[in-house]
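Working notes for the structure below.
Everything numeric in this text was worked out from a predicted model, so none of it was measured. Labels below follow one simple rule: chain letters A, B, ... track the order of the sequence lines, proteins then strands, and each chain is numbered from 1.
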2 protein chains.
Amino acid sequence: MVSNAVSQEFARKVTTEGVTVAEWSFMRALYDEEAVAPSVLAEKMGMTKGAISKLADRLLAKGLVARIESEQDKRAHSLLLSAEGRAKVPVLASLADENDAEYFGVLTMDEREALDRTLKALAARRGLRNIPAD
Amino acid sequence: MVSNAVSQEFARKVTTEGVTVAEWSFMRALYDEEAVAPSVLAEKMGMTKGAISKLADRLLAKGLVARIESEQDKRAHSLLLSAEGRAKVPVLASLADENDAEYFGVLTMDEREALDRTLKALAARRGLRNIPAD
DNA sequence: TATTGTTATACTCTATAACTATA
DNA sequence: TATAGTTATAGAGTATAACAATA
């Protein structure tokens, strides 16, 4: 219930910025790097290359992502954030923070810290690493 | 990440029983009651009546849900679990328990209790009540 | 008119698998 | 052949809005 409520509300918030949650995840994954091959992104996000291809199409159409062709390998290319896309990431990140603050604000500081610690321990012990797309 | 991992794994598990997570939520919502009007179910599950209608169609086709027509109001009907559907709920519930045990089993008893307590407090303070469908 | 449900339409998310171009 | 991506197809999940039947 908690996770659903938090992410539904976040979805509503990012929509006002013209992107979906999956698109945000995609952009966030690109933010850490210069340019990334679709196949690498698929691995990083735990999605198929078909799904990445479709998401990339939409983000290219929105002008938030750009692509550069590989010169060594004519099949390959890399994806990167456009200037506009890169500028948008902190805005979306602050929506995420705001959303978290809003939801978890009803907890005491101790509760928040305990929750944070426990979830991080869980993720570490289970080796979770995929960026959630929804 | 945690929530995504848990629910993706659960989705995989229920699929082996021939239902989707949304269908499971629907069945779970019916389990507490005799027969429920689609409109009431929509309210309870936080979905539109159109979405309920579509889900109900699938569950009727699978024989897990049945409907009874209202005699007072010829527009209305109620939905209820079929015998097969009712028998399936505990099976699916045990998959959910198994899944939770599997995921949260890497936590100590203290960590699990703290997590449980905090999430329940959060849900209570935020007045969350919708059954998550995904 | 108002209400109960259904249906039409649309979009996102995602997978699988077939396909194209290149290596 | 093998690999990088794209595309075709499909189905789930869901919303909005138009609609039919009945109240």
Side-chain angles (χ1 to χ4, degrees), chain A residues 4-5 7-12 14-15 17-27 29 35-62 64-65 67-79 130-134, chain B residues 4-5 7-12 14-15 17-27 29 35-62 64-65 67-79 130-134:
Chain A
N4 258 57
S7 46
Q8 276 173 28
E9 179 56 23
F10 180 57
R12 205 190 56 67
V14 294
T15 296
E17 285 291 325
V19 297
T20 66
V21 176
E23 289 165 1
W24 150 248
S25 299
F26 192 106
M27 291 171 72
V36 188
S39 51
V40 173
L41 216 41
E43 163 61 20
K44 185 170 180 177
M45 298 183 66
M47 293 166 70
T48 61
K49 50 193 184 152
I52 292 292
S53 195
K54 214 163 152 184
L55 255 180
D57 272 356
R58 279 221 311 276
L59 285 162
L60 284 162
K62 290 183 182 177
L64 297 171
V65 157
R67 50 186 285 171
I68 37 179
E69 307 305 318
S70 161
E71 281 169 10
Q72 309 87 40
D73 185 338
K74 290 211 168 166
R75 295 168 305 181
H77 68 264
S78 292
L79 297 164
N130 284 166
I131 298 169
D134 61 327
Chain B
N4 258 56
S7 46
Q8 276 173 29
E9 178 56 22
F10 180 57
R12 206 191 55 68
V14 295
T15 296
E17 285 291 325
V19 297
T20 66
V21 177
E23 288 166 2
W24 150 248
S25 299
F26 192 106
M27 292 170 71
V36 188
S39 51
V40 173
L41 216 42
E43 162 62 18
K44 186 170 179 176
M45 299 182 64
M47 292 166 71
T48 61
K49 51 194 183 150
I52 292 293
S53 196
K54 213 164 149 182
L55 256 180
D57 272 355
R58 280 221 311 274
L59 285 163
L60 284 162
K62 289 184 182 178
L64 298 171
V65 157
R67 50 186 286 170
I68 37 178
E69 307 304 319
S70 161
E71 282 169 10
Q72 308 88 37
D73 185 337
K74 290 211 168 167
R75 294 169 305 181
H77 69 264
S78 292
L79 297 164
N130 284 166
I131 298 169
D134 60 327

Problem set entry | Short side-chain to backbone donor-acceptor contact, A:S53 and A:K49, under 3.5 Å | no

Problem set entry | Contact pattern, 5' to 3', of nucleotides 18-23 of chain C - B, S or - by protein heavy atom under 4.0 Å | ---BBS

Problem set entry | Between CZ on residue B:R12 and OG on residue B:S7, distance to nearest 0.5 Å | 13.0 Å

Exercise. Is there a side-chain polar atom (N or O) of A:R12 under 4.0 Å from OP1 or OP2 of D:dA15?
Worked result: no

For this session: Using whole Å, report how far CE of A:M47 lies from C1' of D:dA4.
Result: 17 Å

Seminar exercise, completed: DNA chain D nearest-nucleotide lookup for B:G50 and B:L55: closer to the 5′ end is B:L55

Problem set entry | Candidate pair A:L60 and A:V65, rule side chain to side chain contact (heavy atoms under 4.5 Å, CB included), full reasoning | CA-CA 5 Å; A:L60 284 162; A:V65 157; 4.1 Å; yes

Exercise. Quick check: does any side chain N or O of B:K62 sit under 3.5 Å from a backbone N or O of B:G18, one acting as donor and the other as acceptor?
Worked result: yes

Seminar exercise, completed: Here the gap from A:T48 atom OG1 to A:K54 atom NZ, rounded to the nearest 0.5 Å, amounts to 10.0 Å

Exercise. CG of A:L64 to CD of A:E23: how many Å apart, nearest 0.5 Å?
Worked result: 7.5 Å

Exercise. Can you tell me how far OG of B:S25 sits from CG of A:N4, rounded to the nearest 0.5 angstrom?
Worked result: 8.5 Å

Exercise. Do the non-hydrogen side-chain atoms of A:R58 and A:L55 ever get within less than 4.5 Å of each other?
Worked result: yes

Exercise. Whole-Å distance between D:dG13 C1' and B:W24 CH2?
Worked result: 19 Å

For this session: Please check if atom CD in A:E43 has more than 12 non-hydrogen atoms from other residues, nucleotides or ligands closer than 6.0 Å.
Result: no

Exercise. Taking atom C1' of D:dG5 as reference, at what distance in whole Å does atom CD of A:E69 sit?
Worked result: 11 Å

For this session: Would you mind reading off the distance between B:I52 atom CD1 and C:dT7 atom C1', rounded to a whole angstrom?
Result: 16 Å

Taking N or O atoms only and anything under 3.5 Å, show me the protein contacts with nucleotides 9-12 of chain D, one pair per line.
none

Exercise. Rounding to a whole Å, what distance do you find between A:D57:CG and D:dT7:P?
Worked result: 6 Å

Seminar exercise, completed: From CG of A:L79 across to P of D:dG5 the rounded distance in Å is 8 Å

Exercise. For DNA chain D, which residues in residues 35-44 of chain B have a heavy atom at a distance below 4.0 Å?
Worked result: none

Seminar exercise, completed: In this structure, OG1 of A:T20 is separated from CG of A:L59 (nearest 0.5 Å) by 7.5 Å

Exercise. When rounded to the nearest 0.5 angstrom, what distance separates NZ in B:K74 from CD in B:E71?
Worked result: 9.5 Å

